Amino acid sequence: MLDGWVPWPDAVAERYRAEGFWEGRPLDRLLRDRAERDPERTALVDAQGARWTYAELDARADRRAAGLRRLGIGAGDRVVVQLPNTDAFVVLFFALLRAGAVPVLTLPAHRESEIVHVAETSGAKAYAIPDTHDHFDHRALARAVRKAVPGVEHVLVAGDPAEFTALDEVDADPVPLPVPDPSDVAVLLMSGGTTGKPKLIPRTHDDYAYNVRASAEVCGFDSSTVYLVVLPTAHNFALACPGLLGTLLVGGTVVLSPTPSPEDAFALIERERVTVTAVVPPIALLWLDAVEWEEADLSSLRLLQVGGSKLGAEPAARVRPALGCALQQVFGMAEGLLNYTRLDDPPELVAGTQGRPMSPADEIRVVDEDGHDVPPGGTGELLTRGPYTLRGYYRAPEHNARSFTEDGFYRTGDLVRVLPSGHLVVEGRAKDQINRGGDKISAEELENHLLAHPAVHDAAVVGMPDATMGERTCAYLVLRGETAPTQRELAAFLTERGVAAYKLPDRVEVADAFPRTSVGKIDKKELGRRIAARLRAEGSGAG
Ligand code: OOB
């Protein structure tokens, strides 16, 4: 067993097994089983049109797993994976599971600050990257990571490896491999984060397999499903809700889009007759507009899943008329709980709610600031536990004491209200995080980086309304001296520190002092109101 994670209490685990939520099978079996049943079906298609059958994908994963073992990567070893939407991701994901190793999934946009932290926290033995992606040389990043975290013995590169190891050369003839314990951790996902450093989320074989299986059922995935991966493959939404894994589970076809742009995605929808895809609201908005000028034939599309941040009721109602497909709202989290609007829900619930819990075993509570349940229909913080919601972050006992109740409910930090139908409406947030169109930014993490700037005496990061992104990031600064760094200077400073580009402040405001609450904390609500008022006065913002 991997150490440093919090398993479900024995009695609870027993119940999840007895009730059939946990099937006791390693996660990689979903590919093996399908390859045995439908070897010749197309499992995977990439943007260039390369295609792999289930048998081919399965065999590639076996060869890579054997090669990983030969390199010395095996049972319980953590491997930081940072690969874009390519077949290399899919093959490596299954190969790591088969080798008994634990993929630590990061986004292509992450940089030194994030990668060093997760490599360190997870105690990673290897780091898998593309050679370059999006005009960025990941081998240069790997050099910095190796320097900072010497435990990272191997850098595995898709493409030109420079001084490192080419993924393609890792392969070896398949060997028999030990079968992992299904109740053990299968993958580590990154949390959006509310603290100084991102946290890792342990997901077991049992819990993640259930996440995938139940999602596929709720979303009506079957062998006719052609799923387009638009968000990063490493994002829980695109990976497992039902995503790429859910599609492979039921024998459908996964198509990989390099970017979410209408040019890339629409062309692939037309070429591969894509039936379903998942996007964040800003992409949905972009697509709703792009159908006006893009010529592509989208008639194969049956379902658009939208989640990651709140979709407005107005764009929600435009999905069917503009794109000719059904909408499904998804309110999910890498920590576990998934809420889906159902395919047969009435239009007002689909447009006006963020769905209801996926599983009959999901337990939810809505509580006030003192932790007491609010009256039915009232707004409060959502707490949850269930067969696929974590009981603790990886190697984070202090943080866990705050993020979970004593009886194991995860405090989501989301403010919701529950309708009589059981559907949830997300009303806001109780956590110190900015949700920038689905990308999560921990205010504290960004503030710590800003405080390292010589001109900055104090920093407070808040969200500001934005018509497209829902929110953008505003950094309020109290200066040490007279001269304020410009937004561009700050961006350069943060980039130099290895902060991912999506976390850079969209706006910088200087204050003489921060407003304080009665207990002396920075009053972020007041700062949020100030910037919103200022945007209104400037005639921009949510409008
Ligand atoms: C998804 O996962 P994460 O881990 O990036 O972020 C989770 C948080 C939630 O706690 C909530 O604050 C926000 O993102 N969120 C939404 C939302 N979906 C997620 N807020 C409002 N409306 C929604 N529909 O974002 C994620 C994981 C799996 C599936 C879908 C999204």
Side-chain angles (χ1 to χ4, degrees), residues 105-107 109-110 114 187-194 198-203 208 211-212 214-216 218-219 229-246 277-284 304-313 315-316 319 327-341 349-358 362 364 379 381-384 388-390 393 403 410-417 423-443 463 469-471 500 502-503:
L105 299 183
T106 65
L107 301 176
H110 286 137
E114 294 90 14
V187 294
L188 288 165
L189 305 178
M190 268 174 86
S191 81
T194 54
K199 296 286 176 289
L200 291 172
I201 298 165
R203 302 292 303 255
Y208 216 42
N211 185 114
V212 171
S215 290
V218 163
C219 302
V229 185
V230 164
L231 300 172
T233 43
H235 193 291
N236 184 42
F237 193 7
L239 183 62
C241 307
L244 143 80
L245 296 177
T277 187
V279 298
V280 289
I283 299 173
L304 181 71
Q305 298 183 286
V306 182
S309 65
K310 187 163 169 173
L311 179 69
V319 168
L327 166 71
Q328 178 180 53
Q329 295 211 42
V330 187
F331 163 36
M333 50 205 76
E335 282 80 358
L337 179 71
L338 301 171
N339 301 279
Y340 291 107
T341 57
L349 285 180
V350 173
T353 78
Q354 280 62 59
R356 63 181 169 86
M358 172 181 81
D362 283 322
I364 65 169
T379 298
E381 186 187 0
L382 174 67
L383 311 186
T384 185
Y388 60 99
T389 296
L390 86 174
Y393 293 97
S403 301
Y410 166 57
R411 302 182 202 273
T412 66
D414 294 311
L415 297 176
V416 303
R417 81 192 144 83
H423 288 68
L424 274 53
V425 177
V426 179
E427 295 287 8
R429 188 177 54 217
K431 53 189 168 189
D432 203 8
Q433 185 185 71
I434 291 88
N435 188 337
R436 191 175 180 275
D439 284 331
K440 313 303 180 323
I441 298 150
S442 159
M469 305 294 270
E471 293 184 284
Y502 68 85
K503 296 180 183 172

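What you see below is based on every heavy atom in this structure, not just the backbone, and it leaves out hydrogens, waters and symmetry mates. For ligands, and for the atoms within them, numbers begin at 1 and follow the listed sequence. Keep in mind that what you see is a predicted model, and the values were worked out from it rather than measured.
- Protein residues with any heavy atom under 4.0 Å from ligand 1: His235, Asn236, Phe237, Cys241, Gly307, Gly308, Ser309, Lys310, Val330, Phe331, Gly332, Met333, Ala334, Leu338, Gln354, Asp414, Val426, Lys431, Asn435, Lys440.
- Every residue was checked against the side-chain hydrogen bond (donor to acceptor under 3.5 Å, both in side chains) condition with Asp439, not counting sequence neighbours, and none meets it.
- Summarising the geometry, atom OG1 belonging to Thr389 is positioned 11.5 Å from atom CG belonging to Leu383; distances are rounded to the nearest 0.5 Å.
- Judged by distance alone, with hydrogens and angles left aside, the side-chain atoms of Asn211 form a donor-acceptor pair with the main-chain N or O of Ala240 at under 3.5 Å.
- Classified by interplanar angle (parallel below 30°, tilted 30° to 60°, perpendicular above 60°), the ring pair Tyr502/His110 is tilted.
- In this structure, the side chain of Gln354 does not engage the main chain of Phe331 through any donor-acceptor pair within 3.5 Å.
- Panel note: side chain Asn435, backbone Gly308; a donor-acceptor pair is recorded below 3.5 Å.
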